[in-house]
Amino acid sequence: MALTTPAIITIVILLVATVLFVTEWLPYPLVCLLVSLSLYYAKVIDSPWSKLTNSNIILILGMCVIGQAMFDTGIASKLGKMITRFSNNERMLRMGVMLVPGLISAFLSNMAVAVCMLPIVLSICIAADIKPCRLLIPMAIACGLGGSMTLIGSFGNLIARDYMLEWSQGAQTVSFFDYTPIGVLMFVASLAIFWFLGDRMVPNDREPGDMITQIKEKDYSNVPKWQQILSITVFAGVVVLMMLADVLGLTIANIAVWGAVILVALKVVSVKSAFASFQLRTVFVIAFMLPIGTALTQTGAGDWIADKVFNLVGTGSDRLILFSVFLLGCILTQFMSNTAASTLICPIALSIAVGLGINPKALLIASILGTSCGIMTPMAMSVNAAMMEPAGYRFKDWIMPGGVVCLACCILNVIFLPIFFPLH
């Protein structure tokens with residue numbers, strides 16, 4: 001498979017961007033903008049602004065306002081203090097902020113879970129006198145891996161089911177709990193890793209964003225009771241509607257926006273406070289890094305990378321093939337959305353399985369679980385990007401914890417996946 005000029009340009013831009021992210025020679029929001037502009041002027045994409053209306057951006061902005069209401073009325077502070085009464089050390093708090101969001105993410109969008117939990121976790125940090133940088137990476141990783149436990153945990157899981165149905169002409173499918181055995185093992189492994197190594201892996205010297213300063217300086221003594229009740233009611237209502245979004249035919253982004261509209265219209269949150277709550281750095285990362293994933297798909301660069309990897313291991317053992325499929329999914333998803341990476345790797349995994357006589361379902365699930373490990377870079381998942389500003393993270397802060405968890409997940413898949421889904 002020969003590389004086209006647009007594909008070469010895309011790969012070069014990706015490599016340069018990665019170097020700039022790691023070295024921090026330029027601010028990461030500026031690098032994101034330069035990536036999108038470079039792709040546009042190189043005529044690889046049609047517009048550098050096309051992702052500004054991405055549903056995850058709308059979701060984040062809506063939940064920023066709802067989170068601000070939780071702050072302004074003191075509800076987040078009360079919840080934070082309540083939770084810290086049951087956990088007397090950072091390690092226990094870290095387990096708490098991983099376990100709860102992770103389990104919920106198995107049934108609800110991990111992005112929605114993360115932005116709902118963010119104000120509560122920041123209030124926990126204040127109550128326990130812990131910097132947000134100590135807890136937000138563990139929470140983001142738990143949200144990401146939580147989505148690997150059920151069919152509806154992420155869009156990638158659903159994409160794999162569609163490919164299996166199409167390939168087998170309806171004879172085989174991926175059921176709701178097919179991902180659960182390995183997904184649970186991956187999630188539990190992440191909990192164990194952060195229990196024993198969390199203190200060493202997460203940074204402790206990052207200065208948080210303005211959000212946490214505003215919480216500390218806020219006086220809640222004059223907040224009307226009705227505003228507190230409305231704030232928690234809207235928050236709970238939004239969470240419930242998000243869980244029922246598919247049944248009701250709604251989108252989670254629209255639900256978040258309507259929640260924000262209600263709070264601003266009833267003056268629980270002022271217009272000034274609502275705009276001040278927007279995480280514009282997060283918007284930059286999502287809006288201007290998503291085009292690189294689109295470019296990798298449309299130019300064939302992603303297919304070329306996959307083809308080269310499988311050419312290296314195509315004659316290896318079955319478990320080596322399994323390892324390679326998982327690893328490729330894991331690598332691709334660090335630089336593009338889980339959905340895009342899944343779309344790329346699923347047909348490749350099926351082709352490899354058919355060509356080598358391996359159980360297609362086993363390789364398909366391995367590839368998708370690999371794409372669930374978008375935890376090594378801030379642009380791998382929108383969840384990661386949403387944690388950057390509140391915690392003051394840098395690009396390199398994700399590499400160590402994300403890399404260790406990815407390695408553990410890879411080993412677990414190579415060992416246990418053939419037990420649940422025999423390769424022959």
Side-chain angles (χ1 to χ4, degrees), residues 1-57 155-156 159 281-313 324-325 327-349 351 367 370-371 373-374 376-382 384-385 388 394-396 398-399 402:
M1 178 181 179
L3 274 178
T4 62
T5 300
I8 294 172
I9 292 171
T10 299
I11 292 173
V12 169
I13 290 174
L14 175 60
L15 292 174
V16 172
T18 302
V19 171
L20 291 175
F21 280 132
V22 174
T23 59
E24 298 181 349
W25 289 337
L26 293 173
Y28 75 86
L30 179 59
V31 175
C32 296
L33 177 59
L34 290 174
V35 164
S36 194
L37 289 173
S38 298
L39 290 170
Y40 171 69
Y41 285 112
K43 297 184 178 180
V44 177
I45 60 174
D46 296 328
S47 170
W49 323 115
S50 61
K51 304 298 183 182
L52 281 170
T53 56
N54 179 270
S55 61
N56 277 330
I57 292 177
F155 290 122
I159 288 171
R281 292 185 184 181
T282 301
V283 171
F284 262 66
V285 173
I286 297 173
F288 299 126
M289 282 307 296
L290 280 178
I292 195 74
T294 302
L296 283 168
T297 304
Q298 293 181 349
T299 63
D303 288 332
W304 181 84
I305 294 171
D307 185 60
K308 293 302 177 186
V309 171
F310 285 120
N311 282 342
L312 293 174
V313 299
S324 302
V325 168
L327 184 63
L328 182 61
C330 183
I331 292 172
L332 288 175
T333 202
Q334 307 307 324
F335 303 101
M336 63 176 69
S337 72
N338 165 272
T339 304
S342 301
T343 303
L344 269 177
I345 198 171
C346 281
I348 297 171
S351 297
S367 67
T371 65
C373 294
M376 290 180 62
T377 66
M379 66 271 201
M381 290 193 302
S382 300
N384 302 359
M388 293 292 283
R394 299 173 183 174
F395 182 93
K396 61 185 179 183
W398 296 87
I399 298 174

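Numbers for residues simply follow the sequence, beginning at 1.
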How many angstroms lie between [atom1] in [X] and [atom2] in [Y], if you round to the nearest 0.5 Å?
X	Y	atom1	atom2	result
L327	L332	CG	CG	9.5 Å
Q298	L39	CD	CG	10.5 Å
T371	I331	OG1	CD1	13.0 Å
M381	Q334	CE	CD	9.0 Å
L20	I13	CG	CD1	11.5 Å
C32	F288	SG	CZ	9.0 Å

[X] side chain near [Y] side chain, heavy-atom distance below 4.5 Å:
X	Y	answer
W25	V19	yes
Y40	V35	no
I45	S36	yes
W304	I11	yes
T299	I9	no
L34	L26	yes

To check you understand the geometry: which heavy-atom pair defines the closest contact between [X] and [Y], and what is its length?
X	Y	answer
W398	M376	CB-O, 3.3 Å
A380	G374	CB-O, 3.4 Å
L52	A287	CD2-CB, 3.6 Å

